[in-house]
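Here is the structure we will look at.
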There are 2 protein chains.
Amino acid sequence: MTNLDKRKYEELARISKALAHATRLYIIHKLDEQEYCVKELTELVGADISTVSKHLTILKNAGIILDEKRGNCVYYKLQCRCVLAMFGCLTNVIDSNKNKMNAM
Amino acid sequence: MTNLDKRKYEELARISKALAHATRLYIIHKLDEQEYCVKELTELVGADISTVSKHLTILKNAGIILDEKRGNCVYYKLQCRCVLAMFGCLTNVIDSNKNKMNAM
DNA sequence: ACACTATTTGGCGATTTGACCAAATAGGCA
DNA sequence: TGCCTATTTGGTCAAATCGCCAAATAGTGT
């Protein structure tokens, strides 16, 4: 793997790692429906608010979501809806696995 | 997050985690071009063969690649090319980030 | 059976990740 | 200013991940 390749795939992995968590995928899914503040997401997720805040930071750093402070709250929304295609991809793999299973 | 949701997003995360590594993404990319045995991939990747073997196991367990023993070697290939769409998705996010940057 | 090659597995140390708690920070409002 | 709510940050601990080495396994050919 050349150095150039290495950088390229580490960049891809950086985004990919940000997606590699059930809670973060769930948050993305919810933010696709509407924007939410941290407190609201915390209730939806059902974890400590500091935990949710950290997940949001990870997604933000990956450029997947955006934050906007309004009044007392920080609202998050999807930065680019192209991540939603990821769900389709992941689901395809899962379905494809199931089909392979059934075909046995 | 309901129990059903939880199961669903953990399943998605399971696949997503398998992709969350530069070397594994690189392997997928190479296997898109042609099939390779472990030894060949090891040379391409430039890591210990046991390390590469473990990466391959992770990808196999996620249903992303398939192995086939022929002669002395185990050849790996993509199980479903739908994972390739994932590269497009990840690249979109990265490009989208860059565009947002430039627009500032 | 023996030697040789390819691959996987087990185990270890190092690093990263994830969850919670507690404390710090930031804004709004009385 | 002081209080209250929302959010982030720092710290700690447990668990997961990663990479290598060494050993085990599997198959080929002599």
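Proteins come first, then strands; the chains are lettered A, B, ... in the order of their sequence lines, and each starts at number 1. We use all heavy atoms of the structure for the numbers below, so side chains are in, but hydrogens, waters and symmetry mates are not.
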Looking only at side-chain N and O atoms, does A:His55 come under 4.0 Å of OP1 or OP2 in C:dA19?
yes
Quiz prompt | A:Leu41 vs A:Ile49 side-chain heavy atoms within contact, under 4.5 Å | solution = no
Rounded to whole Å, CG of B:Leu56 lies from C1' of D:dC18 at a distance of 15 Å
Bend of the helix from C:dA1-D:dT30 to C:dA30-D:dT1 from end-axis comparison, five pairs per end, nearest 10°, comes to 20°
5'-most contact on DNA chain C (nearest-nucleotide basis), A:Ile58 vs A:Gly71, goes to A:Ile58
Between N or O atoms, less than 3.5 Å apart, protein on one side and nucleotides 21-23 of chain D on the other: list the pairs.
from	atom 1	to	atom 2	distance (Å)
D:dC21	OP2	B:Asp48	OD2	3.4
D:dC21	N4	B:Ser50	OG	2.8

Rounded to the nearest 0.5 Å, the CD1 atom of A:Ile28 sits from the NE2 atom of A:His21 at a distance of 12.0 Å
When rounded to the nearest 0.5 Å, the distance separating NZ of A:Lys39 from CG of A:Asn72 is 11.0 Å
Sorted by number, residues from residues 7-35 of chain B placing a heavy atom under 4.0 Å from DNA chain C are none
Check your understanding: Is the closest side-chain heavy-atom distance between B:Cys37 and B:Val74 below 4.5 Å?
Key -> no
Report all interatomic pairs (protein N or O, nucleotide N or O of nucleotides 1-7 of chain C) with separations under 3.5 Å.
from	atom 1	to	atom 2	distance (Å)
C:dT7	OP1	B:Val38	N	3.2
C:dT7	OP1	B:Val74	N	3.1
C:dT7	OP1	B:Val74	O	3.4
C:dT7	OP2	B:Lys39	N	2.7

Under 4.0 Å between a side-chain nitrogen and a carboxylate oxygen: does that hold for B:Glu10 and B:Arg14?
no
Check whether any side-chain heavy atom of A:Thr51 sits under 4.5 Å from a side-chain heavy atom of A:His55, and report yes or no. yes
Taken in chain and number order and not counting sequence neighbours, the residues that satisfy side-chain contact (heavy atoms from CB on, under 4.5 Å) with B:Glu68 are B:Arg70, B:Lys77
**Request:** For residues B:Cys73 and B:Val38, determine if any side-chain heavy atom of one lies less than 4.5 Å from a side-chain heavy atom of the other.
**Result:** no
By ring-ring contact (aromatic ring centres under 6.0 Å, His included), A:Tyr9 pairs with (sequence neighbours left out) B:Tyr26, B:His29
### Heavy-atom side-chain proximity of B:Asp67 to B:Tyr75 below 4.5 angstrom
no
*Tell me, do A:Lys30 and A:Tyr36 make a side-chain contact under 4.5 Å, heavy atoms counted?*
yes
The reported gap from SG in B:Cys89 to CD1 in A:Ile15 (rounded to nearest 0.5 angstrom) is 12.0 Å
Checklist entry - Do A:Met86 and B:Leu90 have side chains that get closer than 4.5 Å, going by heavy atoms? => result yes
Here the distance between atom C1' of C:dT17 and atom CG of A:Leu59, to the nearest Å, is 14 Å
